[in-house]
Number of protein chains: 2
Amino acid sequence: MYIILSFVLLYILHLPMSILNYNRSNNPRLSESQEDYLKEIFKLNEVNTTVSLQDLADRLKVKPASVTGMMKKLKQLGLVTYEPYKEVALTDVGEAIALEVLRHHRLLELYLARHLNYSWDEIHEEAERLEHVISEKFEAAIAELMGHPTHDPHGDPIPTIDLEIPDSPNLTAVTAVKENNHAIIRRVMTQDSDILNMLSRLDLTIHSKITVTGKDNAGIRIRVNENQYLLPHSIARFVWVELASNI
Amino acid sequence: MYIILSFVLLYILHLPMSILNYNRSNNPRLSESQEDYLKEIFKLNEVNTTVSLQDLADRLKVKPASVTGMMKKLKQLGLVTYEPYKEVALTDVGEAIALEVLRHHRLLELYLARHLNYSWDEIHEEAERLEHVISEKFEAAIAELMGHPTHDPHGDPIPTIDLEIPDSPNLTAVTAVKENNHAIIRRVMTQDSDILNMLSRLDLTIHSKITVTGKDNAGIRIRVNENQYLLPHSIARFVWVELASNI
DNA sequence: ACCTGAAGTTAGCCTCTCCTAACTTTTAAG
DNA sequence: CTTAAAAGTTAGGAGAGGCTAACTTCAGGT
């Protein structure tokens, strides 16, 4: 009864229905698996133009057959668009849910680092489990406590409460920086704890100031705090920087 | 290989195997359901002499048939003792796991209250979901941050790292306090948020000092901070106090 | 000692998410 | 333009954890 009334009210007020969809608490509660699928589709979509089921299967560590099955279910729920043998994409509602989960994840990563003394190679795994179970109240509480931060400890943007992705500075791959140029590390696009751990042992973390001193086919040579390091391509490819004129 | 070596080492050193069992990280990872069953058996066992499957079914909001099924599984895993048509009890390993989950729960409740401004009627539900997914590191971090507390916001004891239940003061049911006697509230044995919410609106919370001013069959009359209230039996029965000679 | 109702069990079924194996469609290389 | 490899689908099944309905066992009151 109240539900019907709400719809009538919405119609009278000419409000877009979509604002309802974007409020996660109004959506049917999804399983953790389903949230993971949506989140992964979103992340792949940021990198690739098109999302293949194979990629999805690799990232989620399941077999392609399982992905096909889940895509049918998510389509049924109106969260993805998909036809057999075609690529997948999120609907607006699906994307909203993905962003909500991503917001939880990244807020949690920052919270763990700032308030519970986690190092940046430990936060991902813990946030991966917590992101599905925290309430809106928990989300609001930590966001408030941290002053509504815009980026997590890896430099990844944290979706706002309205599920917008905040602007990031214009970034360059560190591998593309010219010799003798200065730069500030702004984003490290991996969650591999060995790599993160190694980077921080070299004093390389978000906001570190570096100078590129040379490049060869082994990797890229940089100076940080008076120290010289060779950053192999296998690691350098994850590091994104903001160019700086001086240092 | 290393595993075999560890066992050999244990044998040489004559260490009891059981110390391994008591370390949860060495136990096979249980499902959230299984953890909930163990926790509930433990809590029922604290109150009743014997744990019936019916009680368990009620507490877990599940049908008795499901409990029978799970008991078989937990027995298989060596976590409970049980024969058809007989009562259930935890084994030492089962109890250790129950205490570990309870420790997570109660530490989380206190953490939410102290650090994220949750009121005591909101903490239980959130902790109920988080308790299963936090790591040992998370547990250690919040325990450390709070100075290894012994009791949660409802006055329930928090099992120590070694899974011992800390001593609590000798408590009396508030309904058993004599007229004109003083007492301090030390434990409120319910998680019902309506009741908790109502109590805190009356300034009744852990460590509140009260005086019993009268009793009749509607309930018990008390004074708190110059205010007089009637506490109905339906609520008073959850409140446990420490007797105080003066106030 | 018996009977009845409560407590507990069993069998069979459901949904969820994953799997394998065999198949079909798409794509890209020659 | 053909064709083989890659990508995706289908069918059938596993196991976890619920359920209902029908059954068995137990325990208390007369």
Side-chain angles (χ1 to χ4, degrees), chain A residues 27-41 44-45 47-90 94 97-98 101 128-129 131-133, chain B residues 27-41 44-45 47-90 94 97-98 101 128-129 131-133:
Chain A
N27 282 319
R29 198 67 181 75
L30 299 184
S31 69
E32 300 196 4
S33 276
Q34 293 171 333
E35 289 185 350
D36 278 335
Y37 276 92
L38 295 176
K39 185 181 64 169
E40 222 52 66
I41 293 170
L44 284 171
N45 205 40
V47 182
N48 309 345
T49 46
T50 180
V51 177
S52 78
L53 301 211
Q54 185 61 56
D55 287 350
L56 218 36
D58 293 344
R59 297 299 229 81
L60 293 166
K61 303 222 168 87
V62 296
K63 299 288 171 258
S66 307
V67 179
T68 301
M70 186 57 92
M71 288 311 104
K72 288 182 178 173
K73 213 160 302 172
L74 293 177
K75 183 190 175 182
Q76 190 70 28
L77 292 170
L79 304 175
V80 303
T81 56
Y82 156 79
E83 293 303 328
Y85 296 104
K86 299 275 163 59
E87 66 279 14
V88 201
L90 295 173
I97 296 172
V101 177
E128 201 70 10
R129 280 174 283 112
E131 64 186 7
H132 303 293
V133 305
Chain B
N27 282 319
R29 198 66 180 74
L30 299 185
S31 69
E32 300 195 3
S33 277
Q34 291 171 332
E35 289 184 351
D36 280 334
Y37 276 92
L38 294 177
K39 185 182 63 168
E40 222 52 65
I41 294 170
L44 284 171
N45 206 40
V47 181
N48 310 345
T49 46
T50 180
V51 177
S52 78
L53 302 212
Q54 186 61 56
D55 287 350
L56 219 35
D58 293 344
R59 298 297 228 84
L60 293 165
K61 303 223 167 86
V62 133
K63 298 288 171 260
S66 307
V67 179
T68 302
M70 185 57 91
M71 287 313 102
K72 287 181 178 175
K73 214 161 300 171
L74 293 177
K75 184 190 175 183
Q76 190 71 28
L77 292 170
L79 304 175
V80 303
T81 56
Y82 156 80
E83 294 303 327
Y85 298 102
K86 300 274 163 58
E87 67 280 13
V88 200
L90 295 174
I97 296 172
V101 176
E128 201 71 10
R129 279 174 283 111
E131 64 186 9
H132 304 292
V133 304

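In what follows, chains are A, B, ... by sequence order, proteins preceding strands, each numbered from 1.
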Polar atom pairs between nucleotides 21-27 of chain C and protein, under 3.5 Å, N or O only, would you list them?
none

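Residues meeting the salt bridge (Lys or Arg N to Asp or Glu O under 4.0 Å) test with A:Glu32, sequence neighbours left out: none. By the side-chain contact (heavy atoms from CB on, under 4.5 Å) test, A:Ala65 is found to be paired with no residue, residues two or more places apart in sequence or in another chain being considered. In terms of the side chain to side chain donor-acceptor pair (under 3.5 Å) criterion, A:Asn45 has no residue partners (sequence neighbours excluded). In terms of the salt bridge (Lys or Arg N to Asp or Glu O under 4.0 Å) criterion, B:Asp55 has no residue partners (sequence neighbours excluded).
Distances were taken from every side-chain heavy atom of B:Val62 (C-beta onward) to each of C:dG8, D:dC19, C:dC18; the shortest belongs to D:dC19. Looking at the side chain of B:Ser66, the nearest of the listed nucleotides D:dG17, D:dC19, C:dT17 is D:dC19. The B:Thr68 side chain lies nearest to C:dT10 when the options are C:dT10, D:dT10, C:dT17. For A:Gln34, whose side chain is taken as the heavy atoms from C-beta onward, the closest listed nucleotide among D:dG17, C:dT17, D:dC19 is C:dT17.
Between the axis at the start and the axis at the end of the helix from C:dA1-D:dT30 to C:dG30-D:dC1 there is an angle of 10°, using five pairs per end and rounding to 10 degrees.
Distances shown here put a side-chain N or O of A:Ser31 below 4.0 Å from the OP1 or OP2 atom of C:dT17. In this model, the phosphate group of D:dG18 is not approached by any side-chain N or O of B:Lys63 to a distance below 4.0 Å at OP1 or OP2.
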Under the criterion side chain to side chain contact (heavy atoms under 4.5 Å, CB included), I'd like the reasoning laid out for A:Met71 against A:Ile41: C-alpha separation, chi angles, the key distance, then a yes or no. CA-CA 11 Å; A:Met71 288 311 104; A:Ile41 293 170; 4.1 Å; yes
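Sorted by first and then second residue, the side-chain hydrogen bond (donor to acceptor under 3.5 Å, both in side chains) pairs with a member in residues 58-70 of chain A read A:Glu40-A:Arg59, A:Gln54-A:Asp58; sequence neighbours excluded. The salt bridge (Lys or Arg N to Asp or Glu O under 4.0 Å) contacts involving residues 69-81 of chain B comprise B:Lys75-B:Glu83, where partners must be two or more places apart or lie in separate chains.
A:Lys72 has its NZ atom 15 Å from the C1' atom of C:dC18, to the nearest Å. If you take CE of B:Met70 and P of C:dG8, they are 17 Å apart, rounded to a whole angstrom.
DNA chain C is contacted by B:Ser52, B:Leu53, B:Gln54 of residues 47-60 of chain B, taking any non-hydrogen atom closer than 4.0 Å.
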